[in-house]
Amino acid sequence: MALAEPSHCVPRGFLRCITCGAHPGALANDALCPSCGDLLEWIWDDGFWHARTPAQWQALWRARRTSNAPLDRSGVWRFREMLPLLADTEQPVTLQEGNTPLYPLPRYGAAIGVGNLFAKHQGANPTGSFKDTGMTAAVSAARAAGARWLACASTGNTSASMAAYAARAGLGCLVLVPEGKISWGKLAQALDYGALTCQLRTDFDGCVRILKEVIARFPAATVNSINPNRIEGQKTVAVEIAEAFDWQAPDHVVVPGGNLANASALGKGFLEMRPWGLIARVPRISIIQAQGANPLVRCWRNGGEQMVPVVADTLASAIRIGNPASWNKAVRVLHETGGECLDVTEAEIAEAKATLGREGVACEPASATTLAGAAKLARLGRIRSSESVVLILTGHGLKDPDITLALHRGQLPFPIDPPLRRAPLVLEPQADAVLHLLDAEVN
């Protein structure tokens, strides 16, 4: 017999400041605590989950996977009991995000000594990045609260995602991006979706500073990752991973580290599922940063008590962030899951990106930090050969094609292992010229 839908009228949680503990009744436009200005998070009522057994919740969500109902087609709203409530008259703003593939990587897993290596490819979302899973929740809540405009500072993926969901919702949106420090592919998306797009002569952290000033003077809702509704949507990726492993969580999840909300969201998802009985244990969550943008790594090495901003410089533009907003949430996840925090070089990132391509998986440079990081963790003995490891790939390979072309043409400012490069070749229009190359390749 089919399970009945849970009631949508049960109060399930409240907002709480991570620093002062204040409980604001509603989310302000700047998405921050009105008492101390720090980040907010949703705290959920564990009692709600005892209305059903874990097996019943799992069966309900699995049944929705085969449903054609618009809400069930979303890999985020399929788990809507885990999200902030919308009024019965409100419909979520969705582009059928989530339900992204989990790819086994057997060849590279064997090469680095990890027998069960997987990639959860969030680049398969509607706008090509993991941001969509959080944006559907943030934009839905903002529209329900009466917002007419949305705003964000971005290195590219957030702007593309916000612009798409704002267009879907019929809302205005303001994008602030650093001039010359954003992939043209990502910028083109924001333009195509109709965003008011401003390139500021500063870096991402400077864009965040200007955004705060604008929001104080203009009624737009911030949907950057400081928005706690974003985190709730993004945490459903943890639920998808647990479901894919038949509710036996993997041993290790490896995440790129930029503004650090993604690691925070995944940690929140896994840590919530355990007391609800959905999983028996929580995976170790490790965060990998680029050496040129590694403020969390430095913070972690010094005990995790204070994060000192850095001037970020890395080809992985999605994580070119020197002052990450969610660093304290990320530190908490590292502590609570027993994870690791380390950085990798530009060459390691580029080679990992090319290696993933040889597995048939295209990702942007920031995503490739996870593969480079997993290899490093395995060399250090912090990932054992018997463990199951999931790499979070945050963006599609077409997000940053200039880097891909430069890599294969040998135009990056550091050497890349020649076998990983595949530069395009210009030939005379003769079959013999092509066959000559094929003979060399085969022999």
Side-chain angles (χ1 to χ4, degrees), residues 13-24 27-28 30-44 82-84 130-131 133-135 137-138 152-153 158 204-205 208 212 222-239 253-275 282-289 293-310 318-319 321-342 366 392 394:
F14 59 89
L15 287 167
R16 185 178 70 186
C17 177
I18 65 171
T19 298
C20 74
H23 296 178
L27 198 63
D30 66 3
L32 297 173
C33 173
S35 298
C36 74
D38 211 336
L39 302 182
L40 299 169
E41 64 182 349
W42 280 99
I43 303 299
W44 299 110
M82 289 189 167
L83 305 179
F130 77 102
K131 306 288 186 176
T133 57
M135 201 61 69
C152 76
T158 294
F204 169 77
D205 300 307
V208 170
K212 290 178 180 178
T222 302
V223 292
N224 271 96
S225 59
I226 59 174
N227 186 311
N229 295 317
R230 275 271 305 272
I231 304 305
E232 296 307 303
Q234 286 171 213
K235 78 181 183 187
T236 59
V237 178
V239 192
V253 176
V254 186
V255 192
N259 219 19
L260 301 175
N262 203 24
S264 305
L266 285 161
K268 191 174 192 292
F270 283 115
L271 288 164
E272 285 178 348
M273 281 190 284
R274 182 174 57 184
V282 172
R284 296 192 305 282
I285 297 178
S286 289
I287 302 171
I288 313 300
Q289 294 194 300
N294 64 351
L296 184 69
V297 173
R298 299 181 187 203
C299 168
W300 185 248
R301 288 171 181 165
N302 292 321
E305 296 296 325
Q306 184 177 8
M307 199 275 300
V308 178
V310 302
I319 56 173
I321 297 171
N323 189 19
S326 298
W327 71 271
N328 42 10
K329 285 187 177 182
V331 166
R332 185 173 64 185
V333 166
L334 289 170
H335 279 303
E336 293 185 2
T337 68
E340 305 277 351
C341 184
L342 50 81
I392 304 297
T394 48

**Q** Who are the side chain to side chain donor-acceptor pair (under 3.5 Å) partners of Ser326, not counting sequence neighbours?
**A**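 If we apply the side chain to side chain donor-acceptor pair (under 3.5 Å) test to Ser326, skipping adjacent residues, there are no hits.
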
**Q** Begin with the C-alpha distance, continue with both residues' side-chain angles, and end with the deciding distance and a verdict on side chain to side chain contact (heavy atoms under 4.5 Å, CB included) for His335 and Trp300.
**A** CA-CA 10 Å; His335 279 303; Trp300 185 248; 3.7 Å; yes

**Q** With no hydrogens and no angle check, is any side-chain donor or acceptor of Lys329 less than 3.5 Å from a backbone partner on Gly267?
**A**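 Side chain of Lys329 to backbone of Gly267: no pair is present.
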
**Q** First locate atom OG of Ser264, then atom CD1 of Ile287, and finally report the distance between them rounded to the nearest 0.5 Å.
**A**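 Going from OG on Ser264 over to CD1 on Ile287, the span is 7.0 Å.
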
**Q** Does the side chain of Trp42 come within less than 4.5 Å of Lys268's, by heavy atoms?
**A**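 Lys268 reaches Trp42 side chain to side chain.
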
**Q** Side chains of Asn262 and Gln234, heavy atoms from C-beta outward: is any pair under 4.5 Å?
**A**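 Yes, their side chains come closer than 4.5 Å.
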
**Q** Measuring from Lys235:NZ to Glu272:CD, what's the distance to the nearest 0.5 Å?
**A**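 Going from NZ on Lys235 over to CD on Glu272, the span is 3.5 Å.
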
**Q** For a 4.5 angstrom cut-off between non-hydrogen side-chain atoms, does Ile226 reach Val208?
**A**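 No - every pair of side-chain heavy atoms lies 4.5 Å or more apart.
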
**Q** What pair of heavy atoms forms the shortest contact from Ser286 to Leu334, and how long is it?
**A**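 Distance-wise, the nearest heavy atoms are CA-CD2, 4.4 Å.
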
**Q** State, with a plain yes or no, whether a side-chain heavy atom of Phe130 is found less than 4.5 Å away from one of Met135.
**A**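 A side-chain contact under 4.5 Å is absent here.
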
**Q** Please tabulate, for side-chain N and O atoms in residues 31-41, each donor-acceptor pair with protein atoms closer than 3.5 Å (sequence neighbours left out).
**A**
| unit_1 | atom_1 | unit_2 | atom_2 | d |
| --- | --- | --- | --- | --- |
| Asp38 | OD2 | Thr19 | OG1 | 2.4 |
| Glu41 | OE1 | Arg332 | NH2 | 2.7 |
| Glu41 | OE2 | Arg332 | NH1 | 3.4 |

**Q** Are Asn294 and Arg298 close enough, and set up right, to give a side chain to side chain donor-acceptor pair (under 3.5 Å), and what steps lead you there?
**A** CA-CA 6 Å; Asn294 64 351; Arg298 299 181 187 203; 2.9 Å; yes

**Q** Any side-chain heavy-atom pair from Leu260 and Ile321 closer than 4.5 angstrom?
**A**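 The answer is no, as the side chains (C-beta and beyond) never meet within the 4.5 Å cut-off.
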
**Q** Hey, what do you get for CD1 (Ile285) to CG (Leu266), rounding to the nearest 0.5 Å?
**A**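 Going from CD1 on Ile285 over to CG on Leu266, the span is 5.5 Å.
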
**Q** Can you see which heavy atom on Ile392 is nearest to which on Pro256, and at what distance?
**A**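 Scanning both residues completely, I find the closest heavy atoms to be O-CD, 3.5 Å.
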
**Q** What I'd like to find out is whether the side chain of Trp327 reaches to under 4.5 Å of the side chain of Pro295, using heavy atoms alone.
**A**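 Sidechains of Pro295 and Trp327: no contact.
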
**Q** Do Val282 and Leu271 have side-chain heavy atoms sitting under 4.5 Å apart?
**A**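 They are in side-chain contact.
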
**Q** Sub-3.5 Å donor-acceptor pair from the side chain of Gln289 to the main-chain atoms of Leu296, do we have one?
**A**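 Checked: pair present.
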
**Q** Distance from Lys131 atom NZ to Thr394 atom OG1, nearest 0.5 Å?
**A**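 It comes to 8.0 Å.
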
**Q** Ignoring hydrogens and geometry, is there a side-chain-to-backbone donor-acceptor pair from Glu232 to Ala137 under 3.5 Å?
**A**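 The answer is no, because no donor-acceptor pair under 3.5 Å joins these two groups.
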
**Q** Minimum heavy-atom separation for Ala293 to Val310, with atom names?
**A**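 For Ala293 and Val310, the tightest heavy-atom pair comes out as CA-CG2, 4.5 Å.
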
**Q** Check whether any side-chain heavy atom of Ile288 sits under 4.5 Å from a side-chain heavy atom of Glu340, and report yes or no.
**A**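 Side-chain contact under 4.5 Å: no.
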
**Q** If you take all heavy atoms of Ser225 and Ile231, which pair is closest and at what distance?
**A**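 Shortest heavy-atom contact: O-CD1, 3.8 Å.
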
**Q** Checking Arg230 side chain against Val223 main chain: does a donor-acceptor pair fall under 3.5 Å?
**A**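 Side chain of Arg230 to backbone of Val223: a pair is present.
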
